[in-house]
Amino acid sequence: MAAKQTHLLWRISAAFVFVFALIVGVNHYCFRTYALDLGIYTNALYDYAHFRWNDAAVFKEQAQNVLSDHFDLSLVLLSPLSLLFGQFTLLIVQIFSMVLGAFGAAYWVRIRCHRVDWQWQIMLLFYLFFGVYSALSFVYHSNVLAACLLPWLLAFVHQKQWLKVYVTAFLMLICKEIIAIWMVGIALFIAHTYWQDKTIRRHAFILLLSSLSYALLVLYVIMPALSLNQAYNHYKYHALGQNYAQALVFCFAHPIDLLKIMFTNTSQNNLFDWVKIEFWVFIMLSGAWAVCFNPRYLYLLGIPLVSKMAYDDPAVWSIDCHYSIEFAPILVMLLAEFKAKWKGIRLPWAVLIALNAIVSIRLMDHTVYMHDYNRLRVYQKGHYERGFNLTPIRQAIDGIPKQAVVSAQSSILPHLAYRDKVYQFPIVKDAQWIILSEKDVVTYPLNALDYHVAVQQLLKDTSWQVVIQKPEVLLFKRR
């Protein structure tokens with residue numbers, strides 16, 4: 001029986017890996033991956049693999065340690081893989097993370113709920129969660145790996161395998177500085193769940209204090225020390241206060257105002273009036289309603305939800321990108337505990353799985369928050385093309401020496417990022433080559449008009465030789 005279950009899990013995973021590869025691989029092949037964040041992190045991998053720190057020069061005019069932007073040490077551990085896979089390393093890691101999370105959820109339900117027969121349903125729920133697809137379409141961010149380690153952490157706690165607990169917690173913490181704050185909620189969840197077990201309760205508080213100490217050290221000491229302005233520059237929750245301390249006080253002192261922030265548009269832009277509501281509809285249909293039957297899961301859900309809905313940028317409130325991945329493992333475990341505890345409420349797995357599938361299809365079809373649907377629609381022709389010929393761009397890339405310093409348009413940069421120096425245009429500095437595509441509508445960080453002006457100036461600049469000038473690609477070489 002166990003062998004059959006294992007084979008079934010691997011067959012399910014193989015099918016979804018194929019779908020995930022179609023999303024991630026085709027997007028990269030069609031130049032729908034960008035300097036932020038795949039290009040930045042791929043360039044960091046190169047530096048780490050060559051035993052040096054990364055200077056964030058990909059997107060910053062003034063060089064500074066990339067850890068001052070996000071304190072992501074997981075890339076250091078992943079960097080040896082880049083010696084084998086180069087620019088494709090993080091694409092592969094992203095897919096592997098999803099498989100890791102699905103098997104972790106299946107393993108957790110087996111040892112926590114004692115239901116071997118539920119493993120494949122749990123795996124399907126995880127793979128069909130809408131946040132998995134939005135994260136894959138964004139390509140890479142390290143909080144995906146942290147989220148997919150969560151069920152393993154909770155399973156190891158249940159089994160009292162403390163070495164594995166602390167190794168897993170460490171791997172989660174080093175993925176991103178904000179994970180340390182989430183880990184406080186995770187530790188409280190563990191303490192609540194196993195309050196009667198003195199040993200687990202003690203380790204939960206060790207985990208809580210360690211995570212809190214790590215957060216304070218990184219946010220208030222290390223990252224400011226690495227930054228040019230000697231400050232932490234990623235606090236973006238100004239609806240709650242001017243810093244994390246004020247935000248914490250606000251959450252407890254003003255619960256009604258916090259509730260309003262969770263559901264209303266705080267951007268002063270009417271275009272985002274329904275973005276939060278859409279997310280709430282998505283997550284409730286995906287299983288968050290079950291928290292009414294098991295409120296202790298609010299320890300796991302609370303911090304990710306508040307940090308998502310109180311963020312300054314409305315894009316983070318949405319169903320897009322990697323901003324919902326933390327909920328994937330939480331909701332599948334929540335639904336499993338609901339079915340295990342409330343046996344009188346007969347809610348078939350098929351219904352739960354179908355709801356998640358419907359929500360994910362809606363993500364790919366039409367949403368309030370507009371995004372590039374071609375990133376996800378593997379069932380349509382538009383996913384496999386960009387509307388213009390990409391061959392000249394690939395040929396131009398092949399003509400650039402492997403060790404040359406390059407300035408590249410955002411969508412081209414990830415294909416050139418695994419090298420010593422690469423800059424997101426219009427940063428040029430000491431670049432020997434510049435490669436652009438006027439056919440590509442993504443001109444970030446410039447707007448379309450400023451981008452066009454910059455291109456015209458380059459064409460007139462006698463210090464640059466025009467090597468290739470086609471509608472699809474412009475390649476310049478410094479004279």
Side-chain angles (χ1 to χ4, degrees), residues 98 100-135 143-144 146-158 172 182-195 200 204 262 279-309 319 323-360:
M98 299 307 182
L100 182 70
F103 272 96
Y107 180 63
W108 175 88
V109 79
R110 187 170 81 240
I111 63 101
R112 170 71 180 171
C113 300
H114 307 291
R115 295 299 300 261
V116 175
D117 56 320
W118 283 4
Q119 290 183 104
W120 68 271
Q121 292 99 325
I122 283 292
M123 184 171 275
L124 278 178
L125 276 178
F126 185 94
Y127 282 142
L128 288 170
F129 179 66
F130 76 91
V132 167
Y133 297 93
S134 58
N143 67 326
V144 176
C148 291
L149 286 169
L150 176 62
W152 291 102
L153 175 69
L154 297 181
F156 295 146
V157 167
H158 186 78
M172 291 176 68
W182 185 30
M183 191 68 74
V184 172
I186 294 170
L188 290 172
F189 172 82
I190 294 169
H192 187 137
T193 303
Y194 300 97
W195 189 257
I200 296 182
M262 297 295 287
F279 167 76
W280 283 112
V281 171
F282 269 47
I283 198 171
M284 293 302 288
L285 289 174
S286 299
W289 54 265
V291 78
C292 298
F293 298 88
N294 204 338
R296 63 188 171 84
Y297 270 82
L298 287 172
Y299 289 119
L300 297 180
L301 289 167
I303 291 174
L305 283 172
V306 172
S307 62
K308 181 180 176 70
M309 293 308 186
I319 40 72
Y323 305 121
S324 301
I325 189 60
E326 292 90 347
F327 307 112
I330 298 172
L331 294 188
V332 297
M333 292 187 292
L334 172 61
L335 289 172
E337 286 212 40
F338 164 77
K339 285 187 65 67
K341 184 178 180 181
W342 297 86
K343 296 178 182 178
I345 303 177
R346 297 186 178 277
L347 188 59
W349 281 112
V351 172
L352 300 174
I353 292 169
L355 283 172
N356 272 269
I358 290 169
V359 170
S360 291

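Worth saying up front: this structure is predicted, and the values here are computed from it rather than measured.
In this structure, L335 and S286 approach most closely via the heavy-atom pair CD1-O, 3.8 Å. Minimum heavy-atom separation, Y127 to Y133: O-OH, 2.8 Å. Closest approach of M98 to F126, counting heavy atoms only: O-CE2, 3.3 Å. Contact between A135 and V144 at its shortest, heavy atoms only, is CB-CG2, 4.2 Å. The shortest heavy-atom contact between I186 and L154 is CG2-CD2, 4.4 Å. Residues C113 and A340 approach most closely at SG-CB, 4.3 Å, considering heavy atoms.
Annotation: the span from I358 atom CD1 to I353 atom CD1 amounts to 12.0 Å, rounded to 0.5 Å. The CG atom of L285 sits 10.0 Å away from atom CZ of F130, with the distance rounded to the nearest 0.5 Å. For the atom pair CG of L334 and OH of Y297, the computed distance is 6.0 Å after rounding to the nearest 0.5 Å. L153 CG to H158 NE2: the interatomic distance, rounded to the nearest 0.5 Å, is 13.5 Å. Rounding to the nearest 0.5 Å gives a distance of 15.0 Å between CG of L124 and CH2 of W118. Rounded to the nearest 0.5 Å, atoms CE (M172) and CG (L150) are 5.0 Å apart.
Annotation: side chain of Y323 is not in contact with side chain of S134 (no heavy-atom distance under 4.5 Å). Side chains of L125 and F129 form no contact here, defined as non-hydrogen atoms less than 4.5 Å apart. Using a 4.5 Å cut-off on side-chain heavy atoms (C-beta onward), T193 and R112 make contact. Side-chain contact between R115 and R110 is absent, with no heavy atoms from C-beta onward closer than 4.5 Å. Under the 4.5 Å side-chain criterion, counting only non-hydrogen atoms from C-beta, I303 is not in contact with M183. At least one side-chain heavy atom of W280 sits under 4.5 Å from a side-chain heavy atom of L305.
Side chains of Y107 and Q119: a donor-acceptor N/O pair is absent below 3.5 angstrom, by distance only.
Between W342 and F293, the two ring planes are perpendicular [angle over 60°; tilted spans 30° to 60°].
For W289 and F338, the distance between ring centers is under 6.0 angstrom. For an aromatic pair to be called close, the ring centres must be under 6.0 Å apart, and W108 with W152 fails this.
Within the 3.5 Å criterion, the main-chain N or O of A357 finds no donor-acceptor partner in the side chain of S360. A distance-only check finds a donor-acceptor pair linking the side chain of N356 to the backbone of L352 [under 3.5 Å].
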Would you sort out whether Q121 and K339 count as a side-chain contact (heavy atoms from CB on, under 4.5 Å), showing the intermediate values? CA-CA 12 Å; Q121 292 99 325; K339 285 187 65 67; over 6 Å; no
Sequence neighbours excluded and cut-off under 3.5 Å, please list the side-chain donor-acceptor pairs for residues 324-333, or say none.
from	atom 1	to	atom 2	distance (Å)
S324	OG	K308	NZ	3.4
E326	OE2	N143	ND2	3.0

